[in-house]
Every structure is written in C-alpha cells, then in structure tokens.
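Here is the structure we will look at, set down as structure tokens.
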Protein chains: 2
Amino acid sequence: MLTFTEENYIKALLKLTEEVGVEAVGTNELAAHLGVKPATVTDMLKRLKEKQLVSYEKYGKVSLSVSGRSLAIDVLRKHRLWETFLCRCLGFPWHQVHEIAEQLEHIQSNELMDRLDAFLGFPQIDPHGDLIPSKDGVFQVKPKRTLSMLAATQSAVLIGVGDNSAAFLQYVDSVGLQLGSEILVKRIQPYDALIEIEINGKTSQVSQKFADQIFVDTPAQRDEISDVGLDVEGDL
Amino acid sequence: MLTFTEENYIKALLKLTEEVGVEAVGTNELAAHLGVKPATVTDMLKRLKEKQLVSYEKYGKVSLSVSGRSLAIDVLRKHRLWETFLCRCLGFPWHQVHEIAEQLEHIQSNELMDRLDAFLGFPQIDPHGDLIPSKDGVFQVKPKRTLSMLAATQSAVLIGVGDNSAAFLQYVDSVGLQLGSEILVKRIQPYDALIEIEINGKTSQVSQKFADQIFVDTPAQRDEISDVGLDVEGDL
DNA sequence: TTTCAATGTTAGACGAATCTAACTTAATTA
DNA sequence: TAATTAAGTTAGATTCGTCTAACATTGAAA
C-alpha cells in the first residue's frame, strides 16, 4: 500500500515522462513539479526505489518501473474518473475539478472506482479532453497538435488542454472556448506572434504560450491515417 | 485546517458522548475506540486543547468545545452524505459503505458537499437510518427504542442500527432485515433470553446483544407526541 | 583540460502520529 | 485508612515527509 505522498510522486513521474515523451527526469525537475526541495526528492527516491517503483541511481535520472507505472496509471485513472463525476454529475465548472480530484484520487477502493466507472457509463475522456486509462491499465498519450501549430486561415476543433490549472482554464473560458468549439485562426501578428482567433464569432488575441496548451483536431487530421502528411488546410 | 487524524479524534468524541448521552469520556475509552494506545491519546488531547477543540484537564475527562463539536458534526455530515451516495448511486450494499466513507469524509471542500447534498436531493437519513446533520450543523440524537425493549407478540419496524460494522450488518441482512422491515417478536426464551423474531415469514433467533443494536419504531410510538406514555401494543 | 555553474546528495533538524516502558494519580475495596 | 487496582501521563524512540546548509558530481565552455 502506497502512502498519499508516494502516489503523488509516481503520478508526477508519469506526467513528466510520458506526457512529454521523455525517458527519465532529474531530481530538480521533479522537485519543481511537486513544490518541494530537491533534497526531499532525493530522500523519497530512495524509498521509492526500495519499493521497486522506480529505477534510479545516484546522480542519475529517474524513471518508473513497470509496477510503478502501473500504479501511477491507476492513480491517474481515479483522478480522471472523479473529475468526470464532478463535472457531469455535480455540475462543477472544469476549472474547479482538478483540485478536488487531487484529494479523491487517493481513496483506496478498487470496487469504488469500478462502480463509479459504470455509473458514469465508462467514459473515455475526462472534462479536459484527456484520455481516461482503462481498468487494465492501458494508457497511451497520442501526439498532440496545438493551436500554435496552425497557420492563418486554418480552423480546428478544441479537443483538449495541456494545463489543468484553474487560472488557465478560466482564461480559456473567457475567450469562449470549450471542448468541441471551432477555432478559426484569423491572422498571426508578424511583430509579436500574437494569434488572432475567432470562436463563435468572438475574436480574441492569444499568446504563443497560451496556444501551446490548446490541443486541436483539424479536419484534415481527422481523415489521416497517421502523421505522415502534415499539410492541412482550413476549410471554412 | 485539521489533519485527518484530528478529525477522527473529534468524530470519535462526538460518538462517545452525544450518541451515548454522556458528558465526557476518559482517555482509555477514547483510545479503545480509535484503536490506539492511551498514551497516544494523551498526546493528541494536548494538541486538540491547544487548538481549542476540546476541554480537558490532566487526569480528567474530555469533552468537545463548541467549535470542536461543530467541526465534528461537519465530518459526520460528510460521512453520512457519502454513505448515501455510495448506496443510492453506486449500488453498494450497506455493509460496505462505512469503510469507504471513513476515507471520503476527510475530503476538504464545502462546495463539494453542498453539491453532493443537492445531487442526492437533500437526504435526511443515511443508509443505516441515522440522521444526516444539516448544513448549519443542527444535529441531535433522539432517544432510541431497541428491539430488546419489545415484549413477546409486539411488532415494530426497523428504522436504524446501532453498529455500522460490516460483520453486524451482514448478520442483519442474513435474518432478512432491511430499513422498513416489519419485525414480529414471537417469543423470548425464558432460559437464555434469546429472542425469536419473524421477518417476512422467516423466523430467526437473535441475542440480546444483537437486539440492542436494532432500532425500531412501534405503531403506538408513531402516534405519540413525546416519550411520556411508554406502553405500546403490538397490533398485528 | 581545467574550471565553474548547474544539478544532485548528505547530514542534521523538525513536526506529526504513533509506540513501549516506566511512572503517577485516582478510585475502590478490605 | 491503607493497600491494591484501574486509569492516565511522561519520557524516549520510531517512521514519514519535509526543511536548510553544506558538500559532491557532472558536464559544458573557455
């Protein structure tokens, strides 16, 4: 049985490796992500290694072991199922659910999650557009196309976000975006690279940084089999 | 903000005082109820006193302060709302919900509980027949009539149980009882005081100890204004 | 190749929650 | 009232998760 904190460490490791497509991470990076000091992480990594959850050598990078990864995926599954419950059943706005799910994800009961899963109708994506891992731990991050990759005149549909913080999500709300919204890129400012977008007739200017966190699906992409041909055309 | 453990201590204090109708409890009793050693309780009581949650003097009995009581009631409210959710929405049998609710009751979010309360339709009693405290902390234990108080030939309706352990509740299930079941006391063994009861045509023998934990409502009692006239008649 | 900044580790400390073993106080009974 | 038992406390240790301050290693630039 893992402690609350151990679960958070392995969940962070999963985020910092697979969601970024990187093999292993350093102590500092992990510490920054968890909001603790590097020394604390070093201590914890020793414990996690003893429990065979990570592979780690002094002064080296860390990565999850097979069993660590599988436990981390389970935590992530719980997190996303709870988020779905909070939005769909209790009517929470999407920017509020992450924080509460951070607590709920540590509740220990497999039966609870199975029943919640069934109650929700076995959802596949959570309120932020992220895939919910299946019960048997199948979890895969597919490569993502972001708003910042689009050229002027292209349009796309919002399918997810790369940042679940309340501040970011409220910003997303404020430009009128929700999952499924159609986004038209009107122009890109040559001077400062600000992107002018239109959603439901409403025009906004957003930064590169913002656009990097907006995951989209383009009409052309929807017809593609793989990621070979990358030229897409806006068709509005 | 209280820790998980502090919440458990004040919840235990609430149980051991108000549900029993007693002013204050001793260190040993509290320790036994929480499954820790008396020494541990002494340490914790100092901390709880510092936080003004209890009134306590060395070698004396402990009782909740006004603010401690109010926080304890809030934990109890969360516990019972979650139990209601687990039974009504997720279809858990009543003997499984207590343990999971012991974890869920510590989730920190008032908004979560308000929304869950509304989602459930503002329930007043939980799956074990216990009153759910209202949001403003109104909580009161009404005096209870138990199965062991009934005489032969009397009948009554199950309205609650005094023990939420899985072992007890599964026993209750096994004699065919659920909330609302009509119980007929057929006879009481003169020799060993075993009580012979009938539920939906099924006859069982139960002990005094068991019967003490079965809360019932009798037809006569339902017509009473207060607890003045206590003679009740079975009317089957 | 040497130096130095970035990264990471160790040592020692602390608070929370627990324990055991030894001690003290209170209550009961003879 | 004195002795004995029950109840409660203190002291010192342990584990977990964290910190700060000092030290060690790595790797990239001069």
Side-chain angles (χ1 to χ4, degrees), chain A residues 1-17 20 22-64 68 71-72 75 102-103 105-108, chain B residues 1-13 16-17 20 22-64 68 71-72 75 102-103 105-108:
Chain A
M1 185 107 310
L2 303 192
T3 67
F4 198 100
T5 312
E6 286 166 342
E7 287 193 343
N8 283 334
Y9 275 77
I10 60 173
K11 193 183 50 150
L13 278 168
L14 189 73
K15 267 233 167 83
L16 294 177
T17 53
V20 182
V22 131
E23 264 305 304
V25 294
T27 310
N28 275 0
E29 192 184 352
L30 192 48
H33 189 263
L34 288 163
V36 301
K37 302 291 163 184
T40 308
V41 170
T42 300
D43 281 355
M44 179 58 91
L45 288 180
K46 286 181 198 157
R47 258 171 281 160
L48 293 179
K49 191 188 173 183
E50 249 166 46
K51 295 198 175 185
Q52 323 228 329
L53 298 169
V54 299
S55 77
Y56 162 67
E57 295 305 329
K58 235 169 117 167
Y59 294 107
K61 304 264 179 187
V62 208
S63 59
L64 285 168
L71 288 168
V75 176
E102 286 285 302
Q103 299 178 61
E105 73 191 6
H106 301 292
I107 302 292
Q108 308 283 174
Chain B
M1 186 107 307
L2 302 192
T3 67
F4 197 101
T5 311
E6 287 166 342
E7 287 193 343
N8 282 333
Y9 274 77
I10 59 172
K11 194 182 51 146
L13 278 168
L16 294 176
T17 54
V20 182
V22 131
E23 264 306 305
V25 294
T27 310
N28 276 1
E29 191 183 353
L30 192 49
H33 189 263
L34 288 164
V36 299
K37 301 293 165 184
T40 309
V41 171
T42 301
D43 280 356
M44 179 57 92
L45 288 181
K46 286 181 198 157
R47 258 172 281 158
L48 294 179
K49 191 189 175 181
E50 249 165 46
K51 295 197 175 184
Q52 323 226 329
L53 297 169
V54 299
S55 78
Y56 163 67
E57 294 307 328
K58 231 169 119 163
Y59 294 106
K61 303 264 178 187
V62 207
S63 61
L64 286 169
L71 289 168
V75 176
E102 286 285 303
Q103 298 178 61
E105 73 190 5
H106 301 292
I107 303 291
Q108 307 283 176

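Throughout, protein chains are lettered first and strands after them, A, B, ... in sequence-line order, and every chain is numbered starting at 1.
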Find the distance [X]:[atom1] to [N]:[atom2] and express it as a whole number of Å.
X	N	atom1	atom2	value
N28(A)	dA5(C)	CG	C1'	13 Å
M44(B)	dT10(D)	CE	P	16 Å
F4(A)	dT18(D)	CZ	P	11 Å
L48(A)	dT9(C)	CG	P	13 Å
L2(B)	dA16(C)	CG	C1'	14 Å
E6(B)	dA16(C)	CD	P	8 Å
M1(A)	dT15(D)	CE	C1'	18 Å
L45(A)	dT18(D)	CG	P	12 Å

What's the closest nucleotide to the side chain of [X] if the choices are [options]?
X	options	value
V36(B)	dT18(D), dC19(C), dT10(D)	dC19(C)
K37(A)	dT9(D), dT25(D), dT20(D)	dT20(D)
Y59(B)	dC19(C), dA26(C), dA21(D)	dA26(C)

* To do: Indicate, with a heavy-atom threshold strictly under 4.0 Å, whether Y9(B) touches base, sugar-phosphate, or nothing.
  => sugar-phosphate
Please determine if a side-chain N or O atom of [X] lies less than 4.0 Å away from the OP1 or OP2 oxygen of [N].
X	N	value
T27(B)	dT9(D)	yes
T40(A)	dG17(D)	no
T42(B)	dT9(D)	yes
R47(A)	dG17(D)	yes
T3(A)	dC16(D)	no
Y56(B)	dG8(D)	no
K46(B)	dT10(D)	yes
K58(A)	dT10(C)	yes

* Determine whether Q103(B) and H106(A) make a side-chain contact, defined as any pair of heavy atoms from C-beta on separated by less than 4.5 Å. =>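 No. Closest side-chain heavy atoms not under 4.5 Å.
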* Asked: More than 12 heavy atoms of other residues, nucleotides or ligands under 6.0 Å from CD of Q108(B): is that the case?
  ->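 More than 12 heavy atoms, drawn from other residues, nucleotides or ligands, come within 6.0 Å of this atom.
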* **Residue that, paired with Y9(B), satisfies side chain to side chain contact (heavy atoms under 4.5 Å, CB included) out of V54(B), L64(B), V62(B), T40(B)** =>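 That would be T40(B).
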* Asked: Should the pair E29(B)-K61(B) be classified as a salt bridge under the 4.0 Å nitrogen-to-oxygen rule?
  ->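 Result for this pair is no, no salt bridge flagged.
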* Which heavy-atom pair separates V41(A) from V36(A) by the least distance, and what is that distance? ->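 So the two residues come closest at CG2-CG2, 3.7 Å.
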